[in-house]
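Just so it is clear, the values below take in all heavy atoms, side chains as well, and ignore hydrogens, waters and symmetry mates. Values in this document were obtained by computation on a predicted structure and should not be read as measured data.
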Amino acid sequence: MSTQAKRGFGATIKEYLTTVDHKKIAILYLIMGGLFFAMGGLEAMFIRIQLAVPENDFLSAGLYNQVLTMHGTTMIFLAAMPLLFAFMNAVVPLQIGARDVAFPFLNALGFWLFFFGGIFLNLSWILGGAPDAGWTSYASLSLASTGHGIDFYALGLQISGAGTLIAGINFLVTIINMRAPGMTYMRMPLMTWTTFVASALIVFAFPPLTIGLFLLIFDRMFGTGFFIVSQGGNTIIWEHLFWIFGHPEVYILVLPAFGIFSEIIPTFSRKRLFGYSAMVFATVLIGFLGFMVWAHHMFTVGLGPTANAIFAIATMAIAVPTGIKIFNWLLTIWGGSIEFTTPMLYSLAFIPSFVMGGVTGVMQASAPADYQYHDSYFIVAHFHYVIVGGVVFALLAALHFYWPLMFGKILSEKLGKIAFWIFFLGFHLTFFIQHFLGLMGMPRRIATYLPGQGYDTFNLVSTIGALLMAVAVIITLINVIWTTAKAPKVGRDAWGDGRTLEWSLPQPVPFYNFAQTPLVRGLDAFWLEKTKGNGEILPAESLGDVHMPNNSILPFIQSLGLFVAAFGALYFADGKEWAIDAVKDLPVQAWSPYVLGLGLLITVGAMMARSLKDDHGYHITKEELIEYERGVK
């Protein structure tokens, strides 16, 4: 019980370095995802400042390519996904009535792999230059890239991606095996369902990316020719491997966002979600069809009319389940007693914004039309309407909605609404006008443009919109700081209209989650008990001892080992010298194999320590549970 008492700074750091508690890992994901989101946002601002006026020299062309590449890579891999994992970790085990995820140790390992992969990738800025071949890193560009930027990209994403794959497996097993009695699949909340399908997508989509990155590393490190045409390779294979991952990745991001909105909209409409079964089947169908559309990113490659037609039809088909979801959200709102809280405002703004992104997506499903749109700013506008209008709106909504669940306080509604309106205006100002820039012929990925082409005013407006979005994010950060310092604590069911199990728990949520495994008697289990019972969730078992896992530093050490090994791999085939004074006079070949070996030795040693040590966890006795439950109520 003493672990819950207030502790000093050093003890807190130790606790978070060793924790395997899904609620604390959620906070770690939130902090690091937030930091990377800020970095990606800063890179976006540099892009928009560079393009604000024609012939601008704010960034050189080479540096612009690095900033552009790192913006996309950071936002997708290091910001959006980890922030979604933060809310998945905070909410899903509670929604299904579990005491933790299925593999708490692996949950911690997944986070630390993401952490060290992200740090490694961003160290490229100070160790010779960042990757510069675009976030998709097409092989023809990445193999021609000098310096170590692409090596940082491939190795960093490999480490971080391993963490994501682990998290996906963990959530799948958790949802399949750890649901409380009565929590059938068709009683699971939509947040759990979308996490389930997104996790399945991760399990099937990340291996192709892993393979592609390995082949890229081999081409650069060992001189193989998988993607080198002169050696019998094929650069288009990289595009296939990347997009077989890349398009399901869109749904890995968007489906949990859909789940978040499916929790918020019924809560603040004071109605159950309309068409629950249809929403579930639409979610599964999106997951299935998500693997059948990847080549619509490659209509300009020349795959031929048959391939183009098949992928065009599949792309049009995937709009159908998405449309079902849109109508169900609208019908949930229809006739509801709507409360315009900050999370609800983001949810309402999401619907038209995401529909606009979807409509421009269906436009590109036509291969001949895509031939004109492709590589223009029309595409930039399209995917930002999907990713920002869908995923970032969901993250900001979830930040406000789940803050009381994670931290026991409600973020300031006044500051939240101010930030929302500024962000909403800035978002549409930034990206709506880019559709027209694309139709006027402005290409993507260019560092500057000439005056007199008609792009000047539109680009300036777009940059002003981006500044407004930055202001909104800063206000949100101020809101977080102010709330943490000044806001009063709230109890359970902070919004007063919670429908699912997580809102039935006291604040702060006990480290064991549920003293007794809950009995689920229907869909929206907590709402059901509030309307038909006394608001207390019925237990499915008698009170007894609870088994809990021990904290462990080994996930941190295992991930650190791969971080060290990556530096050895980075300089393995390089004749340059280390950028470290102590060894700068020695050739890299003399050092890199030892660094690679040392890193792998650390990781394997930590794995062996985990395997050989019998760690059976510990038990909280029935008496301790009674004492603790009395203390939190």
Side-chain angles (χ1 to χ4, degrees), residues 72 133-144 201 204-205 207-209 211-212 215-216 225-252 254 282 284-324 355-387 434-446:
W135 85 276
T136 58
S137 204
Y138 280 2
S140 48
L141 290 172
S142 56
L143 291 172
L201 294 182
F204 288 105
L209 177 68
I211 292 163
L215 299 183
L216 185 64
F226 293 107
F227 304 126
I228 301 169
V229 176
S230 61
Q231 296 183 33
N234 186 344
T235 58
I236 301 302
I237 298 299
W238 166 269
E239 292 190 37
H240 279 295
L241 288 170
F242 186 89
W243 288 118
I244 289 170
F245 148 79
H247 201 86
E249 168 68 8
V250 173
Y251 298 107
I252 290 167
V254 165
V284 174
L285 192 56
I286 287 170
F288 178 74
L289 291 173
F291 280 98
M292 300 171 66
V293 297
W294 81 84
H296 70 206
H297 295 269
M298 300 167 60
F299 279 154
T300 59
V301 165
L303 298 178
T306 304
N308 283 359
I310 291 167
F311 285 101
I313 292 164
T315 304
M316 294 172 194
I318 206 168
V320 175
T322 310
I324 290 169
V355 166
M356 287 176 66
V359 166
T360 53
V362 173
M363 288 170 68
Q364 290 159 53
S366 169
D370 181 77
Y371 217 89
Q372 305 302 316
Y373 303 135
H374 203 82
D375 273 337
S376 78
Y377 256 77
F378 189 87
I379 303 288
V380 179
H382 156 69
F383 71 67
H384 280 90
Y385 262 85
V386 171
I387 300 298
Q434 289 181 6
H435 291 101
F436 301 100
L437 276 170
L439 295 174
M440 289 160 63
M442 182 170 170
R444 295 164 65 183
R445 309 186 190 94
I446 55 163

Task: Within-4.5 Å side-chain heavy-atom neighbours: Q364 and F299 - done: no
Task: Where L216 and F227 come nearest, the two heavy atoms and their spacing - done: N-CE1, 3.7 Å
Task: Atom of L201, atom of P248 and distance for their closest heavy-atom approach - done: CD1-O, 4.1 Å
Task: Residues forming a ring pair (Phe, Tyr, Trp, His ring centres under 6.0 Å) with H247, sequence neighbours excluded - done: Y251, H296, H297
Open item on the list: Measuring only between side-chain heavy atoms, which start at C-beta, is L437 closer than 4.5 Å to V380?
Closed with: no
Open item on the list: Taking side chain to side chain donor-acceptor pair (under 3.5 Å) as the definition, give me every residue that meets it alongside E249, ordered by chain and number, with sequence neighbours left out.
Closed with: none
Open item on the list: What's the separation between atom CD1 in I237 and atom CG in L215, rounded to the nearest 0.5 Å?
Closed with: 10.0 Å
Task: A205 to P208 - nearest heavy-atom pair and separation - done: O-CD, 3.0 Å
Task: Shortest non-hydrogen separation from W238 to T136 and the atoms involved - done: NE1-O, 3.0 Å
- [ ] For F204, check ring pair (Phe, Tyr, Trp, His ring centres under 6.0 Å) against everything at least two apart and list the hits.
- [x] none
Task: side chain to side chain contact (heavy atoms under 4.5 Å, CB included) partners of M292, counting only residues at least two apart - done: F288, L289, A314
Task: From CD1 (I318) to CG (L285), nearest 0.5 Å - done: 7.5 Å
TODO: Not counting sequence neighbours, which residues clear ring pair (Phe, Tyr, Trp, His ring centres under 6.0 Å) with F226? List them please.
DONE: none
Task: side-chain contact (heavy atoms from CB on, under 4.5 Å) between L303 and H240, worked out - done: CA-CA 11 Å; L303 298 178; H240 279 295; 4.0 Å; yes
- [ ] Go through the structure and list residues passing ring pair (Phe, Tyr, Trp, His ring centres under 6.0 Å) with Y385, not counting sequence neighbours.
- [x] F427, H428, H435
Task: Residue pair S366 / M316: nearest heavy atoms and the distance that separates them - done: N-CE, 4.5 Å
Open item on the list: Do F311 and W294 have side chains that approach each other closer than 4.5 Å (heavy atoms only, starting at C-beta)?
Closed with: yes
Task: Interatomic distance, Q434 atom CD to F378 atom CZ [nearest 0.5 angstrom] - done: 11.5 Å
Open item on the list: Let me confirm one number: the CG-OG1 distance from D370 to T300, rounded to the nearest 0.5 Å.
Closed with: 6.5 Å
Task: S137 OG to E239 CD distance, which is reported to the nearest 0.5 Å - done: 11.5 Å
Task: Residue that, paired with I228, satisfies side chain to side chain contact (heavy atoms under 4.5 Å, CB included) out of N234, L143, T235 - done: L143
- [ ] Work out which heavy atom in M363 is nearest to a heavy atom in Y373; give both atom names and the distance.
- [x] CE-OH, 3.2 Å
